[in-house]
Amino acid sequence: MKIGIAGSLESSDCLVRAEASDKLEIQIESTVFEFFGNQIRKVILSTLEELGIKAIKIHVNDKGALDYTIRSRLLAAARRMEAS
Amino acid sequence: MKNSLGRFVPEGFKPFLGSKEYLKHPRTTEKVIFSGNEGNKLLNSISEVFDRLQITDSMTLSFHHHLRNGDLVLNLVCEEIRKRGLKNMTIAASSLFPNQRVLIDCIENGNVTNIYASYFNGGAAKAVSEGKLRGMLYMDTHGGRSRAIESGDIKIDVAFIALPASTREGNGNGYFGPSACGSLGYAIADMLYAKKKVVVTDHLVDSVQKPVIKAQHIDYVVVVNKIGDSGGIESGTTRITRDPVGLKIAEKTAVLLDELGLLEDGFSMQTGAGGTTLAVTRFIKNIMLKKNIKARFASGGITRYHAEMLAEGLIEKIYDVQCFDLAAVKSISENPNHIEISASQYANPYEDAVVNKLDFVVLGATEIDLNFNVNVTTASTGLIMGGSGGHSDTAAGAKVTVIVTPLMKSRLPIIRPEITTVTTPGEDVDVLVTERGIAINPRRVDLLEKLQGSKLKLVPIEELFRLALSYTGVPEEKKRSGRVIGVVRYRDQTIIDTLYQM
């Protein structure tokens, strides 16, 4: 099973887990979900599109990370998954 | 009805009109109540107190919070309420903390249906936020609470006074014993005006040198195993922050205070116990040493850092309404210049109070709006997690009120077009210091003039607001339930805001 993990559960960071899958699945847990849930999903989708990934399982545990943090954690997790 | 800040006021309550409005109304005080009990006051259990004082449904019981998150007295009393199945009780506490979990049960079962507090955090606060309290939550300020008690607005049937060292007659103070907590300032109004007063102690002594709690007011003395956990007394954010953002804010704040001419020989200050405000204290100390000046006094909640400056001769006097750590407890028990004051002497709007003599106060914020109104009562979700404490009192009294906060906390921007709850009115808030710049309330033309030519980055609050949103994005609007669960009362009992179910 190909898995990549990046990030942390520190405040203002997020922990992203990427797992190879034959369909697109995105799970988001966030301390600020009711204020930024849609925005977090948007960042994940646009980052995956940039990478040309159409099928993957992503789990994000967010502790109030800014968009660029989410994006870089996701990029790292996806690359680690590929390398695993 | 709406108040002067445009916030909804439920029917039957007086709207907030301005922070000086109370001056139009005279002070009213009830009679001080003395104990008639000249006999043996010692009782063996809380249960015996309930029998002796015939504590029944719908009574109001009061508590002070000097044992903070280590308090066991409210728990003992609430367990007794639950065991007896009493209904519709009112808890009038100076503050409520997370360790008081038995209160959650009492709320859910309708044993407790109304609560007064000046600060409220933990599981019971969550239960109330979720709408489980059948009556109302009244959030007061520290000064407002003492005013409410002396005026008879809060009528206390029985005050339970946790007392770390007590004689058999109920003379005592907070300086000694296994649960020593220092100042007992918030218990004084309860001791004077509650119909019946019960001391709860775990340390009986033969005599007390300087009793703060006085036997003439005390009806009974109960000895229990333990009134507090000293580890919990020293709880919360009473250490200097190591966060570089917090340190930068603190350093800029100290420089700002100096440029405003507030750090001159004989100044007075209150800097609280938050990680960042404590760092401000440290930076102020450095400037004081460099300029070779002394402070006339520091007030409020007191920490080891204030006690240290007193011992070093940098502060002449400390006026202490609450000790935040055990070093402060030790200081108040040993140093004659570390002076205990009551909540009324500290912040009662009708007293010649200490807060009115402050040159400046440094405070925190959970949210602040573009008119400088501040929320420290609820999280942005509506969860009750704090309260004014002395926030509104010191803001009203001090010549300059400074709010220190990062632009965002875990992505949530702190500056908002509309804040979830108003705790302190913007008319009393003068400066906002963030890591990206300092905003001066445009009402304070005098401060802006003093800062002409300053190298500090002074910007309009609107600019800081836009800057924060450029990082965080715009938070989605949260729909607010229409159900009222409580009110936030300003110092004078008018309603500054309404609390809604989450």
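For the numbers below, each heavy atom of this structure counts, side chains included, while hydrogens, waters and symmetry mates do not.
When the heavy atoms of residues 412-423 of chain B are compared with those of chain A, the residues falling under 4.5 Å are B/Leu412, B/Pro413, listed by number. Close approach to chain B, defined as a heavy atom under 4.5 Å from one of its heavy atoms, is seen in A/Gln39, A/Ile40 of residues 39-54 of chain A, taken by number.
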Would B/Arg411 and A/Ile70 count as a side-chain contact (heavy atoms from CB on, under 4.5 Å) here? Give the steps. CA-CA 12 Å; B/Arg411 191 167 190 163; A/Ile70 299 169; 3.7 Å; yes

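Within 6.0 Å of the CZ atom in B/Arg483, the count of heavy atoms belonging to other residues, nucleotides or ligands exceeds 12. For CD of A/Glu10, the number of neighbouring non-hydrogen atoms (other residues, nucleotides, ligands) closer than 6.0 Å is 12 at most. Within 6.0 Å of NZ on B/Lys409 lie more than 12 heavy atoms contributed by other residues, nucleotides or ligands. Counted within 6.0 Å of CZ on B/Arg134, heavy atoms from surrounding residues, nucleotides or ligands total more than 12; the atom is thus considered enclosed.
Contact of A/Asp62 with chain B is not made at all, since no heavy-atom distance falls under 4.5 Å.
For the pair B/Thr381 and A/Phe35, the minimum side-chain heavy-atom distance is below 4.5 Å.
Of all non-hydrogen atoms in B/Glu476 and A/Gly37, the two that sit nearest each other are OE2-N, 3.6 Å.
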